[in-house]
Amino acid sequence: MNQYFFTEEHELFRQSIRAFLDKEVRPNIEQWEADGQIPREIYKRFGEMGFMGVTFPEQYGGMGLDAFYAVVYTEEMVRMNSSGFSTSIGAHAGLALAHMNAEGTEAQKQKYLIAGLKGELIGCLAITEPGGGSDVASLTTKAVRDGDHFVINGSKTFISNGVLSDYIVAAVRTGGPGAKGVSMVIIDRDTPGVSATALKKLGWHASDTGEIAFDNVRIPVENLLGDENKGFFYIMQHFASERLAMALIGVSQAQLAIDLAIDYMAQREAFGRPISKFQVLRHRIAQLSSEVMANRAFVYTLYRRFEDGDYIIKEAAMAKLVATQLSDKVCYECMRIFGGYGYMESYPMARLLRDSQLGTIGGGTSEVLCEIISKMLIDSKAYKAAVPH
Ligand SMILES: Cc1cc2nc3c(=O)[nH]c(=O)nc-3n(C[C@H](O)[C@H](O)[C@H](O)COP(=O)(O)OP(=O)(O)OC[C@H]3O[C@@H](n4cnc5c(N)ncnc54)[C@H](O)[C@@H]3O)c2cc1C
């Protein structure tokens, strides 16, 4: 299938990022998982190598490459088997910088995007609040205009890079109730009134996930990102690429689980023969691989459409829905192939299984995705792009 989507150049890029990750990331993953964060130096290494901005414009320090380079990048990141690590980089580049690139003014890009692509300034995207994450239009963090400033009060939770990032791209209420009263703003970490606490969680251990409080935080009006009261629509628009990326991560995690299980089956013996000879396990691999292959073909096809400029909001939701559920199933089934070793931290399956679980929650839960898809299918609801991507 790969030859339909990837050129020789894509495959050369794969070799180069794989070599980089094997040398500079893989040996450190255990330590970073134990630390609950990744060091700032690794962001800078990604910047130096150009990997922070594979698809970002060259004028700001990106590589300006097509979406299939981003696919290669994501697939290789998943093979490190630490969603905490890949999320730390991804929440900065794929979330905060994606908003900066799409909605930022030239001055904002000069300040945050250039330094961000070098890995020198780290960002996070703060939408979810303690009172609710799925219902974005009801968020309550308030930004009230006071002369040339906004004064912000409220809190955000479950924010990736929430404690360690240098600035926060936050969704705040600048207008009345509902979707039309939400704006995006940039809040520098060192602004008085900003505080954050790290949260403990089931998986994604190498990722810093934080709760952030804003207590009378004053930011200049120039820190508005995009048009006032258009924030909700920007968020929804970015969800298309975010959900597509999460679908890709889902199928890539599932593929990694299968690859690890096949290796293990060849080495482990039971009843005097390799467990790869047991038909029940062989058929499990055959079944799961077929499902992963079919899903991967769907995801790659959507990347082609995305690259061609289609607004694939429904299809991205569908892809994330099925791929993240598939990942959970495959990781669980493959963990069982490892028997007791599957449950051990010294083997890869335990982390893969717990890291996979976030897929059906972040970036829109499976239930919320079903709501969106069913409204589009049954009620003929149409969602239009806020700005062309
Ligand atoms: C490790 C981690 C990292 C995260 N990183 C970020 C980040 O960087 N930035 C950020 O902004 N957020 C982040 N999130 C938050 C994530 O996006 C939210 O957790 C998610 O959107 C769900 O919101 P919630 O947790 O408030 O659940 P709720 O919205 O309270 O939902 C609770 C339950 O109700 C269901 N539900 C809600 N509405 C409906 C409906 N209409 N129909 C049917 N069922 C419904 C949900 O599916 C869920 O099962 C992160 C979360 C985690 C755990």
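All ligand and atom numbering here is 1-based and tracks the order in the structure. Atom set for the values below is all heavy atoms of this structure, side chains included, hydrogens, waters and symmetry mates excluded. For this chain, numbers begin at 1 and follow the sequence in order.
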Checklist outcome for this item: In this structure, CG of Asn229 is separated from NZ of Lys180 (nearest 0.5 Å) by 10.5 Å
Next on the checklist: Take a 6.0 Å sphere around OH of Tyr341 and say whether it holds more than 12 heavy atoms from other residues, nucleotides or ligands.
Outcome noted: no
Checklist outcome for this item: protein heavy-atom neighbour closest to atom 1 (C) of ligand 1 works out as Trp204 CE3, 3.8 Å
Item to check | Identity and distance of the protein heavy atom lying nearest atom 41 (N) of ligand 1 | outcome: Glu371 CG, 4.0 Å
Next on the checklist: Under 4.0 Å from a heavy atom of Ile159: which atoms of ligand 1 are those, numbered in the order shown and with their elements?
Outcome noted: 7 (C), 8 (O), 9 (N), 10 (C), 11 (O)
Checklist outcome for this item: of all protein heavy atoms, closest to atom 9 (N) of ligand 1 is Leu125 O, 2.8 Å
Item to check | Part of Thr365 with heavy atoms under 4.0 Å of ligand 1, whether side chain, backbone, both or neither | outcome: side chain
Next on the checklist: Which residue is it: Ile122, Leu117, Leu121? I am looking for the one with a side-chain contact (heavy atoms from CB on, under 4.5 Å) to His92.
Outcome noted: Ile122
Next on the checklist: Counting only nitrogen or oxygen atoms and a 3.5 angstrom limit, does Leu358 reach ligand 1?
Outcome noted: no
Checklist entry - What protein heavy atom sits nearest atom 20 (C) of ligand 1, and how far away is it? => result Ile361 O, 3.5 Å
Next on the checklist: Can you check which of Glu367, Glu242, Gln357, Lys156 brings a heavy atom nearest to atom 49 (O) of ligand 1?
Outcome noted: Glu367
Item to check | Charged tip of Arg268 within 45° of Tyr264 ring normal and under 6.0 Å | outcome: no
Checklist entry - Does an N or O from Ser160, backbone or side chain, lie closer than 3.5 Å to an N or O of ligand 1? => result yes
Checklist entry - Is there a protein heavy atom at a distance of less than 4.0 Å from atom 14 (N) of ligand 1? => result yes
Checklist entry - If you round to the nearest 0.5 Å, how far is OG of Ser241 from CG of Leu302? => result 12.5 Å
Item to check | Tyr332: partners by ring-ring contact (aromatic ring centres under 6.0 Å, His included), with sequence neighbours left out | outcome: none
Checklist entry - Which atoms of ligand 1 sit under 4.0 Å from any heavy atom of Gly132? => result 26 (O)
Next on the checklist: Ring centroids only, cut at 6.0 angstrom: are Tyr383 and Tyr311 within range, meaning strictly under it?
Outcome noted: no
Checklist entry - Taking N or O atoms only and a 3.5 Å limit, does Thr128 qualify as a polar contact for ligand 1? => result yes
Item to check | Nearest neighbour in protein (non-hydrogen) for atom 6 (C) of ligand 1 | outcome: Phe158 O, 2.8 Å
Checklist entry - Which bit of Ala91 gets closer than 4.0 Å to ligand 1, counting heavy atoms only: side chain, backbone, both or neither? => result neither
Checklist entry - More than 12 heavy atoms of other residues, nucleotides or ligands under 6.0 Å from CE of Met293: is that the case? => result no
Checklist entry - Would a search of protein heavy atoms around atom 36 (N) of ligand 1 find one under 4.0 Å away? => result no
Item to check | Heavy-atom neighbours of Lys201 NZ exceed 12 at 6.0 Å | outcome: yes
Checklist entry - Ser134 heavy atoms, cut-off 4.0 Å: which ligand 1 atoms fall inside? => result 22 (C), 23 (O), 28 (P), 29 (O), 31 (O), 37 (C), 38 (N)
Checklist entry - Less than 4.0 Å between atom 32 (C) of ligand 1 and some protein heavy atom, yes or no? => result no
Checklist entry - Any N or O of Gly133 that comes nearer than 3.5 Å to an N or O of ligand 1? => result yes
Next on the checklist: Less than 3.5 Å apart, any donor N or O on the side chain of Arg351 or Ser82 sitting next to an acceptor on the other?
Outcome noted: no
Checklist entry - Purely on distance, is any nitrogen or oxygen of Ala126 under 3.5 Å from one on ligand 1? => result no
Checklist entry - Any idea which atoms of ligand 1 are less than 4.0 Å away from a heavy-atom of Gly363? => result 17 (O)
Checklist entry - Distance-only, no hydrogens or angles: does the Lys320 side chain make a donor-acceptor pair with backbone N or O of Ala245 under 3.5 Å? => result no
Checklist entry - Between Tyr112 and Tyr167, does the ring centre distance come in under 6.0 Å? => result yes
Checklist outcome for this item: protein heavy-atom neighbour closest to atom 39 (C) of ligand 1 works out as Val368 CG2, 4.1 Å
Checklist entry - Ring centroid separation for Phe46 and Phe20, is it under 6.0 angstrom? => result yes
